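So the structure is just underneath, and the comments pick up after that.
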Amino acid sequence: MINLDLNSESIEVGSELTGSCIWIPDTQEKNKSLKLTIGWRTEGRGNIDKETLYETEVNPSLRAYFRCKIPMSGPISYDGQLLRIIWEIIVFCPGWFFQKNMVETQVLHIIPRQL
Amino acid sequence: MSIYKFEQNEAPAKFPINVKETSEGFLLLENKGNLPKEYKFNPIYSLIILFFVIQFFIILRFFRIWFWWFLLIVFVVCFLFNKRFRNNLIAKFRFKPGEVLLPSYPLRLGEEYNLTFRRRLRANQKTKKAGQLTFKIACLERVKYTRGSDTEVETHVIWESQPKIYSVPIGVNTYSLRSDFTIPNNLPSSFEGENNQIRWIISIEQNIPGIVEQVYSNFVFVVDAVVVA
């Protein structure tokens, strides 16, 4: 079981995303560790663009804290006709040859800075 | 009045323009010289071009007269039947690149700006008849995708402003327009991915009878992810 806690799901560019993650594994998985990444990717008609801004390890039964600054340049979350920009936190179990066994994803909503 | 469709015109500059800070404000020059990453030096393309150049000289050596006639016919056909090609070629010889002046840069969502556009004719030429400038700004999505071995590009206009029309007087060497515009606060900021982009564009259509018709000056500008209340 994975539990993700965030300070907010809607974050302005230039501000910090903070939160924590705890993983209580089944008895068989006690020796493994998970990875947590924060980043964005595109979806839609075009070839995929993506960037990972933050990466940390989540050990079994230990609460992992994370802190990631969202760049001023964004990009902001966007849902258009040809293109979608999706920010997300992914917790996964690294497999062979960069294979990712997804365990949990949490979509973030990145918005422009309000003046 | 013609309606300018961004999808039909490749010119909505393929990359953001370099901006210079001057005493008058921030100067955006029409695309020239600053090629995007995808067009910069590539050894494979260079070899292909070299191969064609060598072929050209071989053909020229053996079929000199006929080849020149063929080239001339191709050129005349392109010139007569492709309006855009013809207009761009004429504009290149008759005009200096267009310029846009903005009071601040990058722009922000929800903020109002005033813009000055100006373009000069070459060699002291002057307008012979009254002309017309049509100004608008637009926000568009642009995606690049691979289909087989080809790379396709598709654009979609998310939003465009109502066109504003300005007149060009007779007998001027430099024509210009001043306009106010607001960047709507409910639209996305600029985004430049390798394959996906959200671009903001200033487009000015120029129709000057006797000199040029339907020539566009396009300026890609950057809008920051900041909303001004």
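The structure presented is a predicted model; accordingly, all values stated were derived computationally and were not measured. Throughout, a chain's letter reflects where its sequence line sits, starting with A, and its residues are numbered from 1.
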Looking only at A/Gln114, A/Arg45, A/Glu12, the option with the highest number of non-hydrogen pairs under 4.5 Å against chain B is A/Arg45

For B/Leu177 and B/Ser179 the tightest heavy-atom approach is CD1-CB, 3.9 Å

One should read off an interatomic distance between B/Leu28 CG and B/Asn218 CG, to the nearest 0.5 angstrom, of 12.0 Å

Residue set satisfying ring pair (Phe, Tyr, Trp, His ring centres under 6.0 Å) with A/Tyr78, at least two apart, ordered chain then number -> none

Most contact-rich option vs chain A, by heavy-atom pairs under 4.5 angstrom, among B/Ile158, B/Asn196, B/Thr146, is B/Asn196

From the list A/Ile48, A/Asn47, A/Leu82, the residue making the most non-hydrogen contacts under 4.5 Å with chain B is A/Asn47

For B/Phe117, the ring pair (Phe, Tyr, Trp, His ring centres under 6.0 Å) test, sequence neighbours excluded, returns none

